[in-house]
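All remarks here apply to the structure that follows.
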Amino acid sequence: MSVPFVTEVKRTHNCGELTARDVGKTVVLFGWVQNRRDHGGAVFIDLRDRQGLTQVVFEPDIDPEAHALAGTLRLEWCVGVQGKVVSRGANVNPKMKTGEIEVRATALTVFNRSEPTPFPIEDRIETAEDKRLTHRYLDLRRRPLQQSLITRSRMNAITRSTLVEEGFLELETPYMGKYTPGGARNFLVPSRLNPGKFYALAESPQLYKQLFMVAGFDRYFQIVKCFRDEDLRLDRQPEFTQIDLEMSFVSQDDVFAVVERLLVRLWREILGVEVPTPFRRMPFDESMARYGNDKPDLRFGLEHVILTDVITAHGGEGGVPMLLEAVQQGGIVKAMVIPAAHPLSRAEADKLEEVARGSGARGLARAKVGEGGEWTQSPLAKSISPALRTAINEACKAKPGDLILFQFGKPSLVHTVMANLRVHVAKKLGLIPEVGSGGRWELLWVVDPPLFEYDEERRGWVAAHHAFTRPHDEDVPYLLTDPGRVKCYRYDVVLNGFEIGGGSIRLHDPRVQAEVFAAMGIGEEEARNKFGFLLDALRYGAPPHGGIALGMDRLAMLLTGAESLRDVIPFPKSKSGIDSMTGAPGEVDEQQLREVHIRPLPPPKS
RNA sequence: GGGGAGUUAGUUCAGCUGGUUAGAACGCCGGCCUGUCACGCCGGAGGUCACGGGUUCAAGUCCCGUACUCCUCGCCA
């Protein structure tokens, strides 16, 4: 007798919900065969759906037909089962949520067989990621990935309800727009209808959301895909998702308050963790000085010390020529102390030099502090004067047994190398885990960065972020006279060393805007050419406004404890931007290219 | 674009200073088994050693190149 599954006999329960309370019920479950244990007589099947696992038992004296069919089942077959919930009695499996019961099957149907899978569908597998990505639909059957995507779905729901409650409107913006220079490299889309012209895929909805403010929408948000044609990383994909928002008539503090309420709610509802507000705030300069970057991980110390002034003060006599030279050429000197309480072996300390070189350093000077403050294991030990040595020890608050690491030269390189060393050492010493939060959530705002940075190649000042960031009012007089000292209302929200969002208060005053362009050497014509529509818009009563974009993928990665962004994106690209499942990016035929007026250049090299 | 690591069965790996027929576990196939839940027992199949070239009497092993994957610096306002 065949049971008309699906058409008439519907699923009554999922595979994660049956307990002792349900004993006696007749149920219908649909799912996949996770495991089978065939005793010849009783056949046990673990049936899986996205909610969980339920043991189904087939016995010859209950239904011979179902039992016979059950003997043919294989892993990952998709099946339907009808049966009665019975207690497992003495055979309860405490490891399973549904372990108190099993379903004694009276009917079984095979919806679809499965070929042997290329890798096991289990929680913990060690299969190489590219093999998993090739069969992503199977990888996504695995519970950790299902859980991550389910969490992500909840994050979307919480974000929407929070922001709607805060009075935000969810408005959409185009993906295909006009190329605007600066910032990330854009993906280009050729226009069939307009020969020789291209759309650029939006690297963010930045300009559009400002136009929403000009239009008077007041509070806008969007959970939106963004596209950037840059090299990929563990925490970077060419297409990624932002929680993008913009507000009118707000100060920086108002933006912070909304974002903090959103993040607090995400942490509360996803993890049951209360994160304290308001978040810490740290000026950009302080973050660079103490941590070497603008996204410090505050779960541990190992702070940097800037020794540039100490070196200068001792320049005349007894200084170390190498250090003094670096300073005189405009470089800086930084140190970091590894406390005696966390000793590194000589070999481990040697390894640090490799780490430093890997970050671009030419080397890594170090000094082990002795009982009398003297230095050993150090190339500097011979040439340094006792006075300078003492001064450095004091500046670093170094005690006997501590190991001091030094880096000197070009500021950006020194910061980068020391920042990488700081994180590396923290992991090595077990101050933070290799992956994950360790249950600690250090959130902060990094504020007041410089508006411009000096571009050595172009020998000029360029916008450190984007050209529409509002400078601090008191710095406006220096826009043209001393651009380097102008700070701005730009902010990043940082969590455990990850930048999870960034934004700014925008420049809505066309007169100041003109000065900013002038400081960057951008003439009126060039500005009109590049940003004409936005400049126009700002002339029609643009409100003061500002906003932020949060990296949804990074948030999801941190909230789920995933090792990689790829684990919270259903269909990610590999390191080189390839989707090994679909084969994208792929070739297209000549006819298609002709239609969009494109002729490929021959590939470079031999 | 620079640097580093890697690629051996469906999967994870072993394979020494180059040497006969490249192994293990899991998975797969066949058989047995009525309380398993990492079920168990018996038997079996399964390999272009990533690809191309070179050195050698002889290459999974040594050398060069290519592809792909991962990590990292640059890059990502």
Side-chain angles (χ1 to χ4, degrees), chain A residues 34-46 53-62 67 71 74-76 86 88-96 98-99 102 104 114-135 138 180-186 203-204 206 226-238 240 354-361 412-413 416-417 419-420 424 449-453 455 462-469 488 490 492 499 502-504 520 549 551 563-564 566 573-576 578 580 604-606:
Chain A
Q34 174 74 43
N35 197 6
R36 66 190 180 93
R37 294 172 295 278
D38 184 349
H39 289 247
V43 175
F44 298 94
I45 298 294
D46 293 334
L53 286 176
T54 298
Q55 174 165 290
V56 181
V57 59
F58 299 88
E59 292 171 339
D61 42 351
I62 300 293
H67 175 262
R74 293 295 181 271
L75 300 187
E76 297 309 316
V86 297
R88 287 214 214 167
N91 297 313
V92 164
N93 183 344
K95 282 183 279 186
M96 290 173 77
T98 61
E102 63 191 354
R104 185 177 286 158
S114 172
E115 291 181 19
T117 52
F119 49 82
I121 311 301
E122 293 165 359
D123 289 1
R124 284 189 207 162
I125 62 174
E126 314 219 335
T127 304
E129 199 174 13
D130 56 320
K131 288 175 182 119
R132 292 165 39 202
L133 287 172
T134 305
H135 303 273
L138 294 179
T180 53
R185 196 176 289 120
N186 290 96
E203 59 183 79
S204 81
Q206 182 61 42
C226 302
F227 306 89
R228 294 180 188 175
D229 188 6
E230 296 292 345
D231 284 10
L232 281 68
R233 279 287 197 294
L234 197 74
D235 60 351
R236 256 195 257 155
Q237 282 275 309
F240 60 99
E354 281 175 43
V355 174
R357 285 181 197 278
S359 303
S412 59
L413 184 63
T416 300
V417 171
N420 289 341
H424 175 88
L451 180 61
F452 302 108
E453 57 192 29
D455 185 329
V462 297
H465 301 288
H466 69 90
F468 294 89
T469 301
C488 65
R490 153 88 202 182
D492 286 335
E499 179 196 323
S504 63
M520 292 190 291
E563 288 186 34
S564 155
R566 295 187 291 264
K573 307 279 189 290
S574 78
K575 179 77 195 308
S576 48
I578 288 169
S580 59
K605 69 197 168 198
S606 61

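Convention: sequence-line order gives letters A, B, ...; per-chain numbering from 1. Every value quoted in this text rests on a predicted model; they were computed, and no experiment measured them.
At a cut-off of 3.5 angstrom, counting only N and O atoms as typed in the model, there is no donor on one side facing an acceptor on the other between the side-chain of A:K131 and the base of B:U7.
Look at B:A67: its Watson-Crick or wobble partner, with both distances under 3.5 angstrom, is B:U7. Across all strands shown, B:U20 forms no Watson-Crick or G-U wobble pair with both distances under 3.5 Å.
Side-chain nitrogen and oxygen atoms of A:N93 include none within less than 4.0 Å of the OP1 or OP2 phosphate oxygen of B:G35. For the pair A:S576 and B:C70, the criterion of a side-chain N or O lying under 4.0 Å from OP1 or OP2 is not met. Between B:C75 and A:R236, no contact under 4.0 Å exists linking OP1 or OP2 to a side-chain N or O.
Rounded to a whole angstrom, the distance from the P atom of B:G15 to that of B:U8 is 14 Å. Rounded to whole Å, the P atom of B:C62 lies 9 Å from the corresponding atom of B:C16. Only the P atoms considered, B:C42 is 44 Å distant from B:A58, to the nearest whole Å.
Using modelled atom types, one side-chain atom of A:R185 and one backbone atom of A:D229 make a donor-acceptor pair closer than 3.5 Å. In this structure, A:Q34 contributes its side chain and A:I121 its backbone to a donor-acceptor pair below 3.5 Å. A distance-only check finds no donor-acceptor pair linking the side chain of A:H67 to the backbone of A:D61 [under 3.5 Å].
Nearest-nucleotide positions on RNA chain B for A:S204 and A:K573 put A:K573 closer to the 5' end.
Residue A:Q206 is classed as a base contact, given a heavy-atom separation below 4.0 Å to a base.
Distance CD (A:E102) to P (B:U34): 16 Å, rounded to an integer number of Å. The nearest whole Å value for the distance from the CG atom in A:N35 to the P atom in B:C37 is 10 Å.
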